Amino acid sequence: MPYCQIANNDICLNYVQYINHNLKKEQYKYMQKFIINGPVKLSGEIEVKGAKNQALKIIPASILSKETITIDNLPDVEDVKKSLALLEDLGAKISQKGSKVEINTSGINKIELNPEIADKFRASIMFIGPMLARFGEVKFPHPGGCVIGAGGRPIDVFIEGFKAMGVEIKEDGKSYHLKTKNGLKATNFFFKLVSVTATETLMMAAALAKGTTKLHNCAMEPEIASLATYLNSQGANIKGAGTPSMEIRGVGEIKAGNFKIIPDRVETGSFAIMAAATGSEITIKKCQPDHIRILLEIFKRINIPFKETADTLTIKKTKNIKPYNIKTHEYPGFPTDLQSPFTVLMTQANGNSLIHETIYDRRLLFTDSLSQMGADITMCDPHRVVVNGPSRLYGRTLTSPDLRAGIALIIAAMTAEGRTEIDNIYQIDRGYEKIEARLNKLGAKIKRVDI
Ligand code: EPU
């Protein structure tokens, strides 16, 4: 892999060093902030990067095979680096050139996920299914690193699923030890709630289990269907991915080949909302508008004109944005990951909008920052706010609580009068690649500064 350059110009030799440098020094996340001047009008074209939430699945999926997998369109974001570091720490060989990475996991020589890395990001849970499928055993800390869900974001659904597959589970309050007697066995499992990562985890585990597994009440995100298509092309037998029911016949072996990560639909939607909120015209390229159909249907109803092809989306200028009530929902419903940017957009609409966040308990808390900027927002309860637009927003000093609220605050700052400072931007770097450089090309005025 190429050297990793970090904030203060130190250079690290590999992913594990890089991540240790960033994460062990807790203060790192506070070392940089964005200074944003507004209001701005944007114009031009922006390319969407590969989907973070698919990269975080295909990297651990490489454990399912002992052969070399080549992953293309890998986004250069912090969560992906953590995932690569975790894999490298297990003993995998990784070499990266730009957005292409080659991974060979034949040399994995331990069954314990490095707790220093794993407990820093929720998606470390994605390693559990492939590790159990290949080695029949895995030890890991409770995955952490996220503020949006209550109770430390539970993993009970995963645990129920693994128990159904015959896994013995030992837990000491801090970490887990999962072990199978004679490998994973097929099951008929109904998810008690729709979970993206739990669906992907059981799908990957079942791919190498003995017998045919049936999964019901599955998540239907496009990243899941695309991962299944890849695994099938390499020897797996997965039917129904992208629908509520899946049937997975376990196979003896999965080969590895080339995988191209699909465009990030959350990034696509965030850029579309950014253009609408700032009254700008931009063209978003290398995207799949079909994956944000619900947002585009809403755009039609709230007076935001757009034009689309299979892989581009042009948002046109608009003035009179209508209010709209949304309720977040699993795919293909309104994504929770676009709720925060959409809430900002509604501060510029003419009238009252009810925003109902159904997936995460803490994802509306960021609206306090919007109120500080001058938005008229009433919190009804932790899951619902009413936004009374339009409001003129003013620059303030703010903190990014999580990734999606972070991009929402950037959008708010771009519509606001004056200077906004956003700190804790490590949260934004977790999921958006070189965001300030890419937005500045469109006419934004964003500076990254060391604190
Ligand atoms: N839940 C449980 N128990 C579980 C699993 C989930 O109670 O064992 C609850 C969660 O606390 C949450 C709900 O179920 O309230 C849904 O969570 P889900 O498991 O679907 O979320 P996830 O799979 O952990 C993925 C994305 C999230 C995205 C959600 C919903 C990845 C790595 N993460 O999370 O992305 O918001 O699906 O679409 O794929 C982000 O990118 O900012 C992000 C948070």
Side-chain angles (χ1 to χ4, degrees), residues 49-61 75 77-80 82-83 86 118 120-129 142-164 169 171 176 189-204 217-227 261-262 264-270 291-292 294 328-342 357-364 366 382-383 400-408 426-433:
K49 302 290 178 186
K52 168 191 77 99
N53 284 347
Q54 183 162 59
L56 294 175
K57 323 304 166 58
I58 189 68
I59 292 169
V77 297
E78 292 295 317
D79 273 9
V80 166
K82 281 183 229 155
S83 186
L86 202 51
K120 298 289 190 303
F121 75 122
R122 165 82 180 173
S124 59
I125 192 79
M126 293 315 306
F127 282 68
I128 312 309
H142 187 86
C146 199
V147 299
I148 57 180
R153 288 183 72 184
I155 60 165
D156 50 319
V157 177
F158 298 75
I159 296 294
E160 278 182 14
F162 287 135
K163 276 187 183 158
I169 294 164
E171 183 199 345
Y176 297 82
F189 186 73
F190 192 99
F191 290 99
K192 67 179 178 185
L193 53 81
V194 179
S195 163
V196 176
T197 44
T199 300
E200 291 162 323
T201 293
L202 288 202
M203 176 177 97
M204 288 197 275
N217 199 24
C218 302
M220 300 190 284
E221 270 62 5
E223 292 80 14
I224 302 175
S226 143
L227 178 61
I261 294 175
I262 63 173
D264 196 309
R265 63 196 157 89
V266 183
E267 205 176 72
T268 308
S270 305
H291 289 170
I292 51 161
I294 184 83
T328 60
H329 196 278
E330 295 83 17
Y331 189 85
F334 195 95
T336 171
D337 294 341
L338 286 178
Q339 174 268 110
S340 331
F342 192 83
E357 169 58 60
T358 65
I359 315 274
Y360 294 116
D361 295 2
R362 299 186 193 169
R363 261 209 166 152
L364 281 173
F366 91 104
H383 285 276
S400 171
D402 75 89
L403 169 62
R404 307 304 176 189
I407 196 79
Y426 183 80
Q427 284 299 329
I428 301 172
D429 291 337
R430 281 182 46 217
Y432 295 91
E433 179 176 328

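Because the structure is a prediction, the values reported are computed rather than measured. One-based numbering, in listed order, for ligands and for the atoms of each. In this chain, residues are counted from 1 in sequence order.
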Test of proximity, L403 against ligand 1: N or O pairs below 3.5 Å: no
Is there at least one pair of N or O atoms, one from V196 and one from ligand 1, spaced under 3.5 Å apart? yes
Does [X] come within less than 4.0 Å of ligand 1, judged by its heavy atoms?
{"X": "E223", "result": "no"}
{"X": "K57", "result": "yes"}
{"X": "A198", "result": "no"}

K49 bridged to E433 by N-O distance under 4.0 Å: yes
Carboxylate-amine/guanidinium contact D402 R430, below 4.0 Å: no
For R404, give me all partners under salt bridge (Lys or Arg N to Asp or Glu O under 4.0 Å), at least two apart in sequence or on another chain. none
Under the salt bridge (Lys or Arg N to Asp or Glu O under 4.0 Å) test, which residues partner E357, sequence neighbours left out? none
Between E200 and K57, does a salt bridge (charged side-chain N to carboxylate O under 4.0 Å, His left out) hold up when you go through it step by step? CA-CA 8 Å; E200 291 162 323; K57 323 304 166 58; 2.7 Å; yes
As an exercise, identify every atom of ligand 1 less than 4.0 angstrom from a heavy atom of [X].
{"X": "K52", "answer": "40 (C), 41 (O)"}
{"X": "I155", "answer": "8 (O)"}
{"X": "I359", "answer": "12 (C), 13 (C), 15 (O), 16 (C)"}
{"X": "T336", "answer": "30 (C), 36 (O)"}
{"X": "V157", "answer": "3 (N), 4 (C), 8 (O)"}
{"X": "D156", "answer": "2 (C), 3 (N), 4 (C), 7 (O), 8 (O)"}

Which of the listed options, R363, M126, R404, holds the heavy atom that is closest to atom 44 (C) of ligand 1? R363
If we ignore angles and hydrogens, is there a donor and acceptor under 3.5 Å between the side chains of R363 and T336? yes
Classify the ring geometry between Y176 and H142 as parallel (under 30°), tilted (30 to 60°) or perpendicular (over 60°). tilted
Using 0.5 Å steps for rounding, measure from the CD atom of E223 to the CD atom of Q54. 6.0 Å
To the nearest 0.5 Å, tell me how far T328 OG1 sits from I294 CD1. 11.5 Å
Answer with side chain, backbone, both or neither: which part of Y331 has a heavy atom less than 4.0 angstrom from an atom of ligand 1? neither
